[in-house]
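Working notes for the structure below.
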Amino acid sequence: MRYEYLDLKTNIKIVLEVRRQKNIILHFRPKLLYVTSPKRITKVDLFSYLEKYKEKILSLSEVEEEKGDFLCLFGKRYQLLISKALNDSYNISDSKITFYLKSLSDAKIKSAIKRMYYNEFVNILEPYLMEAKNHLRAYPIFKDKLEVLDNVKVNYYKTFLGRCFINRREIELSSYLAKYEPKYILGVIYHEMCHLLVPSHDKNFHKILDNIYPENRILTKEMKSMNRIIIKDFL
C-alpha cells in the first residue's frame with residue numbers, strides 16, 4: 001500500500017508505504033520525505049503521526065540536505081579527503097580520514113566509507129561484548145541468554161543502531177555506532193539483550209534496562225543531542 005502527496009507549505013513530496021517492519025522509518029531526500037510503516041499502524045494513525053510531528057520531521061529533512069565534507073568517527077570530527085589510486089584503502093590521521101580509491105563515483109565512495117565504519121567498529125567491539133557478558137552474569141534472568149553475545153552480527157544501517165531477533169536468539173549491531181563515542185556501545189548491547197526478554201518498549205522493558213544499566217537514560221539523551229552533528233556528516 002502506497003500513498004503520495006505534496007506538502008503545499010514546504011513544497012516537499014511525502015511518500016508513505018506500508019511494509020513488513022517493526023517501526024516507522026523516515027528516509028530523507030532533497031524535496032522528498034519517504035516514510036515506511038508497519039502494517040499494524042493504520043492509515044489514519046500514520047497521517048496523525050506525521051501531522052503531529054510535521055514541523056520537526058520536515059526540519060530534519062532540511063538538515064539532511066546540508067552534508068559536510070567531514071566524517072564522525074568515535075565521537076570526533078575528521079576532514080574527509082578522497083584521492084584517486086591504483087588500490088582501495090584508507091588512512092586515519094589526527095584530523096583527517098583519507099580514502100584512496102580506484103573509482104571516484106558516488107556509489108564507490110559511499111561503499112568505501114561504510115566499509116571503513118564496519119572495520120573500525122568490529123576492531124573495537126569484542127571488549128564491549130565481553131564486558132556486557134560478564135556484567136549480565138549477575139542477573140539470573142539472562143542466564144540462558146548469554147551465549148547470544150558470542151555471535152553478534154554487524155552490518156551498516158543508518159535507521160537503527162541495533163535490532164533483536166527473538167526467535168533466532170540473535171542480536172545485530174549497526175556499524176553506524178562507530179560515529180559515536182565508544183561509551184555508548186554498551187547501552188545498545190544491553191538494550192537489544194533486554195528485547196530477548198521483552199519484545200516491546202513497555203514499562204517492563206525499561207524497568208529491566210534501567211536495573212541492569214542505570215546510566216541508560218542519561219546516555220540516550222546525550223546520543224540524541226549528538227545527532228544534529230552526526231546527521232550532517234558526509235554519509
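Ring-centre distance between H191 and H206: not below the 6.0 Å cut-off.
Under the 4.5 Å side-chain contact rule for hydrophobic residues, V122 and V188 share a cluster. Follow the hydrophobic side-chain contacts under 4.5 Å out from Y176 and you never reach Y157; the two are in separate clusters. In terms of hydrophobic clustering, with Ile, Leu, Val, Met, Phe, Trp and Tyr side chains grouped at heavy-atom distances under 4.5 Å, M130 and Y213 are assigned to different clusters. Under the 4.5 Å side-chain contact rule for hydrophobic residues, L129 and L161 share a cluster. Connection of F160 to M223 is not established within any shared hydrophobic cluster, with ILVMFWY side chains joined at heavy-atom distances below 4.5 Å, either directly or through further cluster members.
Between S48 and D45, the side chains place no donor N or O within less than 3.5 Å of an acceptor N or O (distance only, hydrogens not considered). Residues Y156 and R115 have side chains that never bring a donor and an acceptor to within less than 3.5 angstrom of each other.
The 12-atom threshold is exceeded at NZ of K84, counting heavy atoms of other residues, nucleotides or ligands nearer than 6.0 Å. With a 6.0 Å radius and a threshold of 12 heavy atoms from other residues, nucleotides or ligands, K96 has its NZ atom at or below the threshold. Enclosure of atom NZ in K76 by more than 12 non-hydrogen atoms of other residues, nucleotides or ligands within 6.0 angstrom is indicated.
Using a 4.5 Å heavy-atom threshold, the side chains of N91 and F99 count as separate. Between L80 and F70, every side-chain heavy-atom pair lies at or beyond the 4.5 Å cut-off. Looking at heavy atoms from C-beta onward, F142 lies in side-chain contact with I208 at the 4.5 angstrom threshold. Looking only at side-chain heavy atoms (C-beta outward), L177 and F121 come within less than 4.5 Å of each other. Within the 4.5 Å cutoff, side-chain heavy atoms of L196 are placed close to those of V148. You'll find the side chain of L149 reaches within 4.5 Å of the side chain of M193, heavy atoms only. Looking at heavy atoms from C-beta onward, L209 lies in side-chain contact with Y190 at the 4.5 angstrom threshold. Here the side chains of L86 and K102 are not in contact, with every heavy-atom distance at 4.5 Å or above.
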Next item on the list: Take I97 and L81 through the side chain to side chain contact (heavy atoms under 4.5 Å, CB included) test and state the conclusion after the steps.
Entry: CA-CA 6 Å; I97 300 179; L81 299 175; over 6 Å; no
Next item on the list: List the steps, then state whether side chain to side chain contact (heavy atoms under 4.5 Å, CB included) holds for E222 with K183.
Entry: CA-CA 11 Å; E222 287 182 9; K183 67 178 182 179; 3.2 Å; yes
Notebook entry, point to check: Should C194 and I212 be marked as a side chain to side chain contact (heavy atoms under 4.5 Å, CB included) after you check the CA-CA gap, both sets of side-chain angles, and the distance that decides it?
Noted result: CA-CA 9 Å; C194 286; I212 65 171; 3.7 Å; yes
Next item on the list: Could you give me the CA-CA distance, side-chain angles and deciding distance for F74 and K179, then say whether side chain to side chain contact (heavy atoms under 4.5 Å, CB included) is met?
Entry: CA-CA 5 Å; F74 298 133; K179 290 176 178 277; over 6 Å; no
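Expressed to the nearest 0.5 Å, how far CG of L73 lies from OH of Y117 amounts to 6.0 Å. To the nearest 0.5 Å, atoms CG (L71) and OH (Y90) are separated by 11.5 Å. Rounding to the nearest 0.5 angstrom, the gap separating the CD atom in E172 from the SG atom in C164 is 11.0 Å. Atoms CD1 and CD, from I14 and E4 in turn, are 11.0 Å apart once rounded to the nearest 0.5 Å. Between the CG atom of N211 and the CG atom of N216 there is a distance of 12.0 Å, given to the nearest 0.5 Å. Atom CD1 of residue I189 and atom NE2 of residue H135 lie 11.5 Å apart, to the nearest 0.5 angstrom.
A pairwise comparison of heavy atoms in C72 and R77 identifies SG-CG, 4.1 Å as the closest pair. The shortest heavy-atom contact between Y184 and Y180 is CD1-CB, 3.8 Å. Closest approach of D94 and Y78 over heavy atoms only: O-CE2, 3.7 Å.
With respect to E17 and R19, a salt bridge is recorded, a charged nitrogen being found less than 4.0 Å from a carboxylate O. Checked for salt-bridge contact, D150 and K133 meet the test: a charged N lies under 4.0 Å from a carboxylate O. Contact check on E170 versus K153 returns a salt bridge, with a Lys/Arg side-chain nitrogen under 4.0 Å from an Asp/Glu carboxylate oxygen.
Note on ring orientation: taking the six-membered ring where Trp is involved, the planes of H195 and F205 are parallel (angle under 30°, cut-offs 30° and 60°).
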